[in-house]
A.B. asks: 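Have a look at this one before I ask anything.
Note that these values count all heavy atoms, side chains included, but never hydrogens, waters or copies made by symmetry.
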Amino acid sequence: MQFSLLIKPASADCNLRCGYCFYLGRSELYPQTAVHRMSEEVLERLVKTYLATPQPVYAFVWQGGEPLLMGSPFYERVTDLQMAYARRGADISNAIQTNGMLLTDRLARQFRACRFLTGVSLDGPERLHDAARRDSGGHGSHQSVLEGLECLKKNRAEYNVLTLVSRHNAAFPVEVYDYLVNDIGAKFLQFIECVELDGQGRAAPYCITADEWGSFLCAVFDRWYENDTRTISVRLFDTIIAKLVTGRDICCTAGLDCRQYFVVEHNGDVYPCDFHVLPELKLGNVLTHTWEEMAASETFKAFGARKCQTHAACGACPYFTFCAGDCPKNRVGHSSGPAAALSYLCAGWKRFYAHALPRLEELAQTVRNEQTTRGPSGH
């Protein structure tokens, strides 16, 4: 089985208290201590055993909470262990998703030297970003994030920007896009929908609606398509073009099986998905279980199978090949259960695909033509 690891070395611990964070509550799973940090034993075990599995690329994604609470020495130890246990010729990638506030020149130099990709969360200009991304004292984080980004830029460390689209910024798609591209200078963007539903499909106050999501994506696409198709990478657009050109899915939401990665909590507990770190879905622990055992578990198999158990209407939808019914977390409350429900964002996705797909197909054809011209050697 091919899989990557999404690792929570500081669990849900964070120096921010973002109003829309879905992971802060996961600290309740580990009430034994107020501070959660990955031990040397757990770190070494997960690195050693993962690198012993046959993978085309060993992808380590460090996330939180706030993973930089672990400090620079932790990530130095990460790369030491990876070098110690990697087989000759192994392809290893590291990515870290951070709020950016704890970035320093030392970390930026380290990440550049060790080829870490740093994802920085930034929701737009200060008034939009600080609407939700505040610390425990209620102070905005925007200025601190810009200082962290500057550390990455001046030390030439690779980075991208992740923007959560919530009620706070959904009405300003062009302003957000222009700010990230023109003011920040970001070349790689990822827009994530803010959707949190209860068991009856009721949305939290900060969540977007399907109409807001569709409008946001359409406006961002138009802005990107004007001048930036060759210079700015937007992950959603890249995913669709890759699907059109290669037939392959390059992100989990576009696929028909949710078993793309394992989440590893600070103490080594393993879960199937970032959005489903729940007691009933615990697959094991890296100190006591092998990856093969956890991959073969009935819990994991059943979790993966939910993705293709879609609403009856999905079968006739012309866009199903791209959305695959959307993430199961977005399907709650529209019928008897999440597997058979339409996505909460279905209407928004349809609006976007109807608007953008013809032009994305043209771009995909351009890519195919260029590949044909270059030939198999790339020349």
A.B. asks: Is any side-chain heavy atom of Phe352 closer than 4.5 Å to one of Leu236?
C.D. replies: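 Of all side-chain heavy-atom pairs linking Phe352 with Leu236, at least one is under 4.5 Å.
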A.B. asks: Would the distance check show the side chain of Arg331 and the main-chain N or O of Asp326 forming a donor-acceptor pair, the cut-off being under 3.5 Å?
C.D. replies: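 Yes: the side chain of Arg331 pairs with the backbone of Asp326.
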A.B. asks: With a sphere of 6.0 Å drawn around CD of Glu28, does it hold more than 12 non-hydrogen atoms of other residues, nucleotides or ligands?
C.D. replies: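 Incorrect, the count does not exceed 12.
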A.B. asks: Side chain of Asn169, backbone of Ser166: donor and acceptor closer than 3.5 Å?
C.D. replies: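 Answer holds: yes.
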A.B. asks: Taking Ser297 for its side chain and Glu293 for its backbone only, find out whether a donor-acceptor pair lies under 3.5 Å.
C.D. replies: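 No, Ser297 side chain to Glu293 backbone: no donor-acceptor pair under 3.5 Å.
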A.B. asks: With side-chain contact (heavy atoms from CB on, under 4.5 Å) as the criterion, how do Val78 and Phe60 come out once you've worked through the C-alpha distance, each side chain's angles and the decisive distance to 0.1 Å?
C.D. replies: CA-CA 10 Å; Val78 165; Phe60 295 81; 5.8 Å; no
A.B. asks: In terms of hydrophobic clusters joined by side-chain contacts under 4.5 Å, are Leu102 and Val161 together?
C.D. replies: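 Cluster IDs for Leu102 and Val161 match.
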A.B. asks: Taking the side chain as every heavy atom from C-beta outward, state whether Glu193 and Phe216 have any pair of such atoms under 4.5 Å apart.
C.D. replies: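 No. Closest side-chain heavy atoms not under 4.5 Å.
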A.B. asks: Quick one: pull up CG in Asn155 and CG in Leu152 and give me the separation to the nearest 0.5 Å.
C.D. replies: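 Asn155 atom CG to Leu152 atom CG measures 8.0 Å (nearest 0.5 Å).
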A.B. asks: Is the shortest side-chain heavy-atom distance between Leu103 and Phe111 below 4.5 Å?
C.D. replies: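 Yes, close enough: below the 4.5 Å cut-off.
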A.B. asks: As an exercise, state the distance from CE of Met294 to OG1 of Thr288, rounded to the nearest 0.5 Å.
C.D. replies: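 Met294 atom CE to Thr288 atom OG1 measures 7.5 Å (nearest 0.5 Å).
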A.B. asks: Between Phe262 and Tyr50, is the gap from one ring center to the other below 6.0 Å?
C.D. replies: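 Between Phe262 and Tyr50, the centre distance exceeds or equals 6.0 Å.
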A.B. asks: For Leu117 and Phe188, run side-chain contact (heavy atoms from CB on, under 4.5 Å): C-alpha distance rounded to whole Å, both residues' side-chain angles, the deciding distance at 0.1 Å, then the answer.
C.D. replies: CA-CA 11 Å; Leu117 170 62; Phe188 300 90; over 6 Å; no
A.B. asks: Taking CZ in Arg87 as the centre, count heavy atoms belonging to other residues, nucleotides or ligands within less than 6.0 Å. Is the count above 12?
C.D. replies: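 Check passes, neighbour count above 12.
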A.B. asks: Check whether more than 12 heavy atoms from other residues, nucleotides or ligands sit under 6.0 Å from atom CD of Glu41, and answer yes or no.
C.D. replies: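 Open: at most 12 neighbouring heavy atoms sit under 6.0 Å from CD of Glu41.
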A.B. asks: Less than 6.0 angstrom from the centroid, inside 45 degrees of the normal: does Arg223 satisfy that with respect to the ring of Tyr177?
C.D. replies: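 Judged by the rule, Arg223 and Tyr177 form no cation-pi pair.
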A.B. asks: If only atom types and distance count, is the side chain of Thr373 paired as donor or acceptor with the main-chain N or O of Asn369 below 3.5 Å?
C.D. replies: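 It does hold such a pair.
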A.B. asks: Do other residues, nucleotides or ligands put more than 12 heavy atoms under 6.0 Å from Arg368 CZ?
C.D. replies: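 Yes, enclosed.
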A.B. asks: Parallel, tilted or perpendicular: which fits the ring planes of His142 and Tyr179, with parallel below 30° and perpendicular above 60°?
C.D. replies: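 Ring orientation of His142 relative to Tyr179: tilted.
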A.B. asks: Given 3.5 Å as the limit, does a donor-acceptor pair link the side chain of Lys329 with the main chain of Leu197, or not?
C.D. replies: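 Not a single qualifying donor-acceptor pair exists.
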A.B. asks: With no hydrogens and no angle check, is any side-chain donor or acceptor of Tyr30 less than 3.5 Å from a backbone partner on Ala12?
C.D. replies: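 Answer holds: no.
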A.B. asks: When rounded to the nearest 0.5 angstrom, what distance separates CD in Gln97 from CD in Glu66?
C.D. replies: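 The CD atom of Gln97 sits 9.0 Å away from the CD atom of Glu66.
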A.B. asks: Would Arg106 and Glu76 pass as an ion pair if we require N to O under 4.0 Å?
C.D. replies: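 Counted as a salt bridge, because a side-chain N and a carboxylate O are separated by less than 4.0 Å.
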A.B. asks: Within 45 degrees of the axis of the six-membered ring of Tyr271 and under 6.0 Å from its centre: does Arg26 put its NZ or CZ there?
C.D. replies: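 Because its charged atom misses either the 6.0 Å distance or the 45° angle limit, Arg26 does not stack over Tyr271.
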A.B. asks: Would you say Val277 and Leu46 are hydrophobically clustered, going by side-chain heavy atoms of ILVMFWY under 4.5 Å?
C.D. replies: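 No; tracing contacts between hydrophobic side chains, which count when under 4.5 Å, never links both residues.
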A.B. asks: Please examine the side chains of Asn94 and Ile96, heavy atoms only from C-beta on, and report whether any two atoms are closer than 4.5 Å.
C.D. replies: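 In short, these two side chains do not touch, never coming nearer than 4.5 Å.
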A.B. asks: Mind checking the CZ-CZ spacing from Arg17 to Arg134? Nearest 0.5 Å is all I need.
C.D. replies: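 Here the interatomic distance stands at 15.0 Å.
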A.B. asks: Working to the nearest 0.5 angstrom, can you tell me the gap between Leu69 CG and Phe74 CZ?
C.D. replies: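 Those atoms lie 11.5 Å apart.
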A.B. asks: Got a salt bridge between Lys301 and Glu298, using NZ or NE/NH1/NH2 to carboxylate O under 4.0 Å?
C.D. replies: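 A salt bridge is present here (some side-chain N lies under 4.0 Å from a carboxylate O).
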A.B. asks: Flag the pair Trp291 / Val270 as yes when at least one side-chain heavy-atom distance between them is below 4.5 Å, and no otherwise.
C.D. replies: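 Trp291 vs Val270: side chains touch.
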A.B. asks: Using only atom types and a distance under 3.5 Å, with no angle test, would you say the side chain of Asn285 pairs donor to acceptor with the backbone of Asn267?
C.D. replies: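 Yes, because the side chain of Asn285 sits within donor-acceptor range (under 3.5 Å) of the backbone of Asn267.
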A.B. asks: State, with a plain yes or no, whether a side-chain heavy atom of Lys282 is found less than 4.5 Å away from one of Leu29.
C.D. replies: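 No, too far: nothing below the 4.5 Å cut-off.
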A.B. asks: Any non-hydrogen side-chain atom of Lys8 less than 4.5 Å from a side-chain atom of Tyr23?
C.D. replies: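 Heavy-atom side-chain distance check passes, below 4.5 Å.
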A.B. asks: Does His36 offer a backbone N or O that forms a donor-acceptor pair with the side chain of Asp13 under 3.5 Å?
C.D. replies: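 Such a contact is found between Asp13 side chain and His36 backbone.
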A.B. asks: Test Trp224 against Phe237 for ring pair (Phe, Tyr, Trp, His ring centres under 6.0 Å), laying out the working first.
C.D. replies: CA-CA 10 Å; Trp224 172 80; Phe237 308 156; 4.8 Å; yes
A.B. asks: Distance from His129 atom NE2 to His168 atom NE2, nearest 0.5 Å?
C.D. replies: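 Between atom NE2 of His129 and atom NE2 of His168 there are 11.5 Å.
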A.B. asks: Are Arg37 and His266 close enough that some pair of their side-chain heavy atoms sits under 4.5 Å apart?
C.D. replies: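 No, side chains not in contact.
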A.B. asks: May I ask you to decide if Glu212's main-chain N or O and Ser215's side chain share a donor-acceptor pair within less than 3.5 Å?
C.D. replies: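 Judged by distance alone, no pair lies under 3.5 Å.
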A.B. asks: Could you tell me whether Phe320 atom CZ has more than 12 heavy atoms of other residues or ligands within 6.0 Å of it?
C.D. replies: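 Enclosed.
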A.B. asks: For Ala295, is there any backbone N or O sitting under 3.5 Å from a side-chain donor or acceptor partner on Arg259?
C.D. replies: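 Side chain of Arg259 to backbone of Ala295, a donor-acceptor pair under 3.5 Å: no, none is there.
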